[in-house]
Amino acid sequence: FDINGVSYRLNGYRIRTDWLGKAIKFKNGEPFSQSSVDQTYKELVNLRLFRFINVSFQWSDTNTHVLDCIIRLQPQVKQNITFEPQLTLADVPSAANITSQPYRNYGLVNSIRYTNNNLFHQADIFQLRLRNGFEIQLSDRQNRKVFYSFENSLNASLEFPGARFFGLFKNDSSLNNRTQFSLTAILEHNRDFDRSLLVGQWNIQTQWNRWNITWIPFEVNYVRTLNISQNLINLINGPDGILIRSLYGQNLITSGRVVLNWTSQRQPRQTQWWNVRWMPLDMAGNALSMLDTIFRFKTDTNGFKTILGARYFQYMRTEWGLRWNYRNENGLLS
């Protein structure tokens, strides 16, 4: 079938043709432009759905110097499973005594990743990651006991081309932009505590000139800590316990932020360039604070507002960073 002068032959591959159309950076009847051809190839690569991309031309009419463009695409494997076992060796300090000499941990990590390309026929990429980590300490310097720890995590993500935010970018034509929804659950056990985390995020990546913009309209972090060791309890009840109590408790953080990254680098072999990172605003807990004025959330014994038993945090912050990079024959210095 034909759309806007472009003839599509999908050969059974189900995908919305408007995403393919956005990748084509030249139109029927326009003069030939190598830069438009290069940009088309780049946009098709950015879809991350094809293992083979070929853009070629042939004469349609030599008398009028008209060219026909033929784009051949070979899709990636629809479904893929990757298994990565690892052996680890790490020196890890105790959470209850960070200044102590670290313990040596020996571990085994198994990582399984499942990928489904174009799951919903929207040029989307779905990934499911399962990670299991197990570490053991052969001995403890105080009472010669053997300790073990483990961490299990499950992450699901769905990524779309283009920036998607309630129709705000409905005319977005660049496939450099990506939108991702992700959900991560982590279960952790070690010598000082058991902790479970749940993190959900809506992430939008856009590019403009030499700016790389990360916009997170919404992110939620829920942390629950149980079975805290007596050493860690003593540290929480100490003079610096307010901060530690905030890290090891039952907490809820709902936030949104924008991060801007700019580089002065124009060429890959450039010897000197600047990088600027600026987070204009990071806000957390404001929506929950507004709900508090209506529903009057409970207050715990330490004066923290709670919702469903979890303390929620409210803050506004900003940060920025500047880096100068220099590359010589010996490597890169920053």
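Quick note: numbers below take in every heavy atom, side chains included, and nothing from hydrogens, waters or symmetry partners. The shown structure was predicted, so the numbers you read here are calculated from the model rather than taken from an experiment. All residue numbers in this chain count up from 1 along the given sequence.
- Under the 4.5 Å side-chain criterion, counting only non-hydrogen atoms from C-beta, F32 is in contact with V37.
- Remark: the backbone N or O of N116 is not paired with any side-chain donor or acceptor of K78 at under 3.5 angstrom.
- Rounded to the nearest 0.5 Å, atoms CZ (F193) and CG (N231) are 13.0 Å apart.
- With sequence neighbours excluded, the residues that form a side chain to side chain contact (heavy atoms under 4.5 Å, CB included) with R277 are V259, N261, E319.
- T318 places a side-chain N or O within 3.5 Å of a backbone atom of M279 that can act as its donor or acceptor partner.
- In this model, a donor atom of one side chain and an acceptor atom of the other lie less than 3.5 Å apart for Q314 and N286.
- Grouping Ile, Leu, Val, Met, Phe, Trp and Tyr by side-chain contacts under 4.5 Å, direct or through others, puts M283 with L281, M316.
- With rounding to the nearest 0.5 angstrom, the CD atom of Q180 is 8.5 Å from the CD atom of Q205.
- Cluster membership check: L187 does not share its hydrophobic cluster with L226, using side-chain heavy-atom separations under 4.5 Å among Ile, Leu, Val, Met, Phe, Trp and Tyr.
- Looking at N275 and N325, their side chains do bring a donor and an acceptor atom within 3.5 Å of each other.
- Checked by atom type, the side-chain pair R129/N155 shows a donor-acceptor distance below 3.5 Å.
- Cluster annotation: W211 and I216 are assigned to distinct hydrophobic clusters (Ile/Leu/Val/Met/Phe/Trp/Tyr, side-chain heavy-atom contacts under 4.5 Å, transitive).
- With hydrogens and angles ignored, the 3.5 Å screen pairs no side-chain donor or acceptor of R72 with any backbone N or O of S56.
- Clustering ILVMFWY residues whenever any of their side-chain heavy atoms sit less than 4.5 angstrom apart, transitively, puts L158 in the very cluster that holds I112.
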